[in-house]
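Remarks on the structure that follows.
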Amino acid sequence: MSNPAKSIRIGTMVSGNKGDAASRIGDIADMGFESFEPFFWQTTKGQDLAELGKRCLDAIGDRDITISTLGMFGNPLEETEIDLETLQGWKDCIDNAHHFGATCVAGFTGRIRGKPLTDSLPRYKQIWSELAKRAADKGIKIAFENCAMDGNWATGDWNIAHNPDAWELIFNETPDDNIGLEWEPCHQMVYLIDPLPQIRKWAHKFFHVHGKDATIRWEVIKEHGIFGKEKFVFMRTPGFGDSNWTDIISELRLAGWSGSIDIEGWHDPVYRDALEMTGQVYALNHLKHARGGEFVVDPA
């Protein structure tokens, strides 16, 4: 892109599990998205990723759209059958990212299930030191999403890279330059962490950003607390939550960050199911406005 405002692209995620990522990209490529993140949940299901990458790029055609990042989400630290498929999926995504034009693979660190966060560090170091070298040899970065998946410091099932204290630990275990974060404000807000100061300190480790927000109901917290029966926070599509995305993108720019912000949908309590793409197109416009750049009009 020649427009310097567009050094930050706005895109969306596309599921790869059903084998139809390329056709999905073709279906929505003219809605104004500037990037896509094909992703897999726990397994690639044995797909030929080189062939899938070619089909995804063919679906993009000559449009000014990129694929910077692949997603591989699951628990590669444990050793059940599906966890081993996740680990193999990471290896396959790293080996085949270039077929998509991608330079980054993102997902969860994994976790020793049901144990305190620090109990996962030896296994984390074992697995990710090897994967970091594999990725570096191919010019690929690894980015851990800052999502707790309902876990915390004491216990959890999926991920240990969910707050700054944990980031300090994992980057100490794996000081590799090509290991960083797939960051978003939502996953900090749901634990009542202010996301903006993180950008100033950690932006050099942000290899990819997800477009997802949250609405915190402070009146619920004041009356019921965070462990009561009333839900105190909702994950939201950008434009419907509490975040000021103009501030977020400004802080990213001040830190010298460039790359893709790919919308992670499917979580909003209102704009989901039949309203999913209504919400995503609204978020696309909202983020473009926050970034600076042209709008798109909902083709519907």
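Side-chain contact between Trp245 and Ile248: present, with at least one pair of heavy atoms (C-beta onward) separated by less than 4.5 Å. Within the 4.5 Å cutoff, side-chain heavy atoms of His267 are placed close to those of Lys212. Under the 4.5 Å side-chain criterion, counting only non-hydrogen atoms from C-beta, Thr86 is not in contact with Phe108. Counting heavy atoms from C-beta outward, Thr66 and Phe36 have side chains that stay 4.5 Å or more apart. The closest side-chain heavy-atom distance from Cys147 to His162 is not below 4.5 Å. Under the 4.5 Å side-chain criterion, counting only non-hydrogen atoms from C-beta, Ile170 is in contact with Ile160. Side-chain contact check for Asn75 versus Asp157: every heavy-atom pair is 4.5 Å or farther apart. The shortest distance between side-chain heavy atoms of Ile142 and Phe144 falls below 4.5 Å.
For the residue pair Thr44 and Gly89, the shortest heavy atom distance occurs at CG2-CA, 4.0 Å. Closest of all the heavy-atom pairs between Leu70 and Ala97 is CD1-CA, 3.9 Å. Nearest heavy atom pair, residue Ile179 against residue Phe207, reads C-CE1, 3.4 Å. The two residues Asn178 and Ala135 come nearest to each other via the heavy atoms ND2-CB, 3.6 Å.
No side-chain N or O of Thr12 forms a donor-acceptor pair with one of Asp262 less than 3.5 Å apart.
Residue Asp150 places its CG atom among 12 or fewer non-hydrogen atoms of other residues, nucleotides or ligands, all under 6.0 Å distant. Heavy-atom contacts from other residues, nucleotides or ligands closer than 6.0 Å to CD of Glu81 number 12 or fewer.
His204 and Trp202 have parallel rings, their planes meeting at less than 30° on a 0 to 90° scale where 60° marks the start of perpendicular. Aromatic ring pairs are classed by plane angle as parallel below 30°, tilted from 30° to 60° and perpendicular above 60°; the pair His210 and Phe73 is tilted. The aromatic rings of Tyr124 and Trp128 are tilted relative to each other, their planes meeting at an angle between 30° and 60°.
Salt-bridge annotation for Arg113 and Asp83: present, with a side-chain N of the basic residue lying under 4.0 Å from a carboxylate O of the acidic one. A salt bridge is defined here as a Lys NZ or Arg NE, NH1 or NH2 lying under 4.0 Å from an Asp or Glu carboxylate O, and Asp95 with Lys91 fails to meet this definition. Glu168 has a carboxylate O that lies under 4.0 Å from a charged side-chain N of Lys201, or vice versa, which qualifies the two as a salt bridge. Classification of Asp64 and Arg9 as a salt-bridged pair holds, one side-chain N sitting under 4.0 Å from a carboxylate O. Looking at Glu34 and Arg63, no side-chain N of the basic residue comes within less than 4.0 Å of a carboxylate O on the acidic one, giving no salt bridge. A salt bridge does not link Glu182 with Lys141: every distance from a Lys NZ or Arg NE/NH1/NH2 to an Asp or Glu carboxylate oxygen is 4.0 Å or more.
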Which atom pairs, one a donor and one an acceptor, fall under 3.5 Å between side chains of residues 189-197 and the rest of the protein, sequence neighbours left out?
from	atom 1	to	atom 2	distance (Å)
Tyr191	OH	Gly151	O	2.8
Asp194	OD1	Leu196	N	3.2

Kindly list each side-chain donor-acceptor pair under 3.5 angstrom involving residues 226-237, sequence neighbours excluded, with atom names and distances?
from	atom 1	to	atom 2	distance (Å)
Arg236	NE	Asp268	OD1	3.4
Arg236	NE	Asp268	OD2	2.7
Arg236	NH1	Phe240	O	3.3
Arg236	NH2	Asp268	OD1	3.4
Arg236	NH2	Asp268	OD2	3.4

Inset, instruction - Would you please test Arg217 and Glu223 for salt bridge (charged side-chain N to carboxylate O under 4.0 Å, His left out) and show each step? - result: CA-CA 10 Å; Arg217 291 186 165 178; Glu223 183 176 355; over 6 Å; no

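The closest donor-acceptor contact from the side chain of Asn17 to the backbone of Trp41 lies under 3.5 Å.
For the pair Lys45 and Phe40, the cation does not sit on the ring face, since its NZ or CZ is not both under 6.0 Å from the ring centre and inside 45° of the axis.
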